[in-house]
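Input: a single structure, listed below in structure tokens.
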Amino acid sequence: MNGNLLLKNANIFTPLGSSARRGEEMGLLQKYENASILIKDGVILQIGNHSVCPESSLKDICVIDAGGRAVLPGFVDSHTHLIFGGYRPDEFGWRLKGESYMSIMERGGGIQSTVNATHLSSIDELVSKAQWFIDRMSEMGVTTVEAKSGYGLNTSDEIKMLDAIAELSAVPGQKLNIISTFLGAHAVPCEYKGRTAEYVDLIIKEMLPKVASKARFFDIFTEKNVFEIDDSRRLLTAAREAGMQLKLHADEIVSLGGAELAAEVGAVSADHLLHVSEQGIERMAEKGVVATLLPLTAFALREPYAPARKFIESGAAVALATDLNPGSCFSGSIPLTIALACIYMKMSIEETITALTLNGAAALGMADEIGSLEPGKRADIIILEFPEISMLPYYVGMNCVRTTIHDGIIVNDKI
Ligand code: NIG
Ligand code: FE
């Protein structure tokens, strides 16, 4: 296949634009009934009424009939920890019995336990394990995924993780785009316990110069007893000076002012935000920081959901992502993310689609390239099983995606 495609007889739903949709704009989707999308070399050439896309206009074209089903932009999962060694089912069991995520981390489990397992994994092992998750994501309609390092926590193992991400990206015929994030500031490793400032120095002086060209984003776990506000500011400022774009895990467990810091340093997104302050919401809305909300994590940790409606009503841009990781949220389920967003966070299905497509793209600085179905954008497209988007949250936690198209090539098809 060559990325030339004509998709016919489609019920198309898409946000429009090349930047994040904010506030009430999030609920506005363009709809085309019985329409076609013409794709050349993996890029959308034309979209609209059937007659504007004659089959004869391209040579070597693959023609598919959507049969009147709903057609959407591919989903963008803009926050995952896709690369990791081992699993942590014991920890999940302890949490079910009432132990908290942070108390497990403070006694040397949690992230540190995945760090130990990741140190023992080769790049090949990390890559083949992650590919299994990528194949599942693609079945659920994901066409772009962000992947973080952060289970190395020393220079060589952080680089090993970023190299694994690069190798995955370069797999011939890879089913999705992979965007890399350096998360060396995910935890203070056990050998630096009580010496946070020294680990911060190591990241700034030794890691940043080596990883800045290997990752698009710098991310940090800004949290009480992990990297608090002053250390986070130092790290984020240094990363920005090294040319990286910024993300934060902010206000996930306690309200620490992570959202305010994200606005202050000009982060592209602040993520989690379960305990964000009113002021944090306002600052993010003012500065255009995308609020990336991760309802699967709140669900798995039995925490309250992030205040999606407050963000939207304040004029902020909300993105949704899975946070797939082996600890706080061992799930990459897009269907369950959609259900939780609509049922518990009170987002409409139109807002939810915008959050998982164009706003997810904006959270990765890619809204001019992907995230909506418009001429000039990459042809990352999904066909649902049903004609209407209302089926997405209604079929709770179930996969409604029938076909996934990445760069104009069918990468998954259930027919
Ligand atoms: O986004 N809280 C920090 N990082 C991840 C969890 C990582 C882990 O537990 O392995 C999160 O929730
Ligand atoms: Fe995370």
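As the structure lists them, so they are numbered: ligands from 1, and atoms in each ligand from 1. Please read all numbers here as calculations on a predicted model, not as lab measurements.
- With respect to the Fe ion (ligand 2), D323 has OD1 as its nearest N, O or S atom.
- We find that R136 and E139 are joined by a salt bridge, their nearest charged nitrogen and carboxylate oxygen being less than 4.0 Å apart.
- For the ligand labelled ligand 1, residue H79 lies inside the 4.0 Å heavy-atom shell.
- Counting the atoms of ligand 1 from 1 in the order shown, those under 4.0 Å from a heavy atom of H249 are 1 (O), 3 (C), 4 (N), 11 (C).
- When distances to the Fe ion (ligand 2) are checked against a cut-off of 2.8 Å, C329 contributes no N, O or S atom below that limit.
- In this structure, R95 pairs ionically with E91, as a charged nitrogen and a carboxylate oxygen lie closer than 4.0 Å.
- The pair K310-E278 counts as a salt bridge, with a side-chain nitrogen and a carboxylate oxygen less than 4.0 angstrom apart.
- Of all atoms in ligand 1, listed by their number and element, those nearer than 4.0 Å to a heavy atom of I111 are 7 (C), 8 (C), 9 (O), 10 (O).
- The closest side-chain heavy-atom distance from P326 to R88 is below 4.5 Å.
- Here E146 does not pair with K247 in a salt bridge; the nearest charged N to carboxylate O distance is not below 4.0 Å.
- The ligand atoms of ligand 1 that sit less than 4.0 angstrom from a heavy atom of Y151 are 7 (C), 8 (C), 10 (O).
- For atom 11 (C) of ligand 1, the closest non-hydrogen atom on the protein side is D323 OD2, 3.3 Å.
- Contact check on R21 versus E350 returns no salt bridge, with no Lys/Arg side-chain nitrogen under 4.0 Å from an Asp/Glu carboxylate oxygen.
- Using cut-offs of 30° and 60° for the angle between ring planes, the H81 and Y151 rings count as tilted.
- Taking the charged nitrogens against the carboxylate oxygens, E351 and R309 do have a contact shorter than 4.0 Å, which makes a salt bridge.
- In terms of protein heavy atoms, atom 12 (O) of ligand 1 is closest to S328 OG, 2.7 Å.
- Geometrically, ligand 1 and T297 share no nitrogen or oxygen pair separated by less than 3.5 Å.
- When the options K148, Q112, H186 are ranked by their closest heavy atom to atom 3 (C) of ligand 1, first place goes to H186.
- A centroid separation of 6.0 Å or more is found between the aromatic rings of F92 and F330.
- Looking at M244 and L208, their side chains come closer than 4.5 Å, going by heavy atoms from C-beta outward.
- Using a 4.0 Å cutoff on heavy atoms, F84 does not count as a contact of ligand 1.
- Counting heavy atoms under 4.0 Å from ligand 1, residue H81 touches it through the side chain alone.
- Of all N/O/S atoms in H79, NE2 sits nearest the Fe ion (ligand 2).
- In this structure, the protein non-hydrogen atom closest to atom 2 (N) of ligand 1 is E252 OE1, 2.8 Å.
- Ion pairing of K8 with D65 is absent here, as no side-chain N (NZ or NE/NH1/NH2) approaches a carboxylate O to less than 4.0 Å.
- Considering both main-chain and side-chain atoms, T114 never comes within under 3.5 Å of ligand 1 through any nitrogen or oxygen pair.
- In summary, D219 places no N/O/S atom under 2.8 Å from the Fe ion (ligand 2), failing the contact criterion.
- Within ligand 1, the atoms closer than 4.0 Å to a non-hydrogen atom of H272 are 1 (O), 11 (C), 12 (O), numbered from 1 in the order shown.
- Residue contacts to the Fe ion (ligand 2): H249 brings an N, O or S atom closer than 2.8 Å.
- Using a 30° and 60° split on the angle between ring planes, H79 and H249 fall in the perpendicular class, above 60°.
- Considering only non-hydrogen protein atoms, atom 9 (O) of ligand 1 sits nearest to Y101 OH, 2.5 Å.
- The nearest N/O/S atom of H81 to the Fe ion (ligand 2) is NE2.
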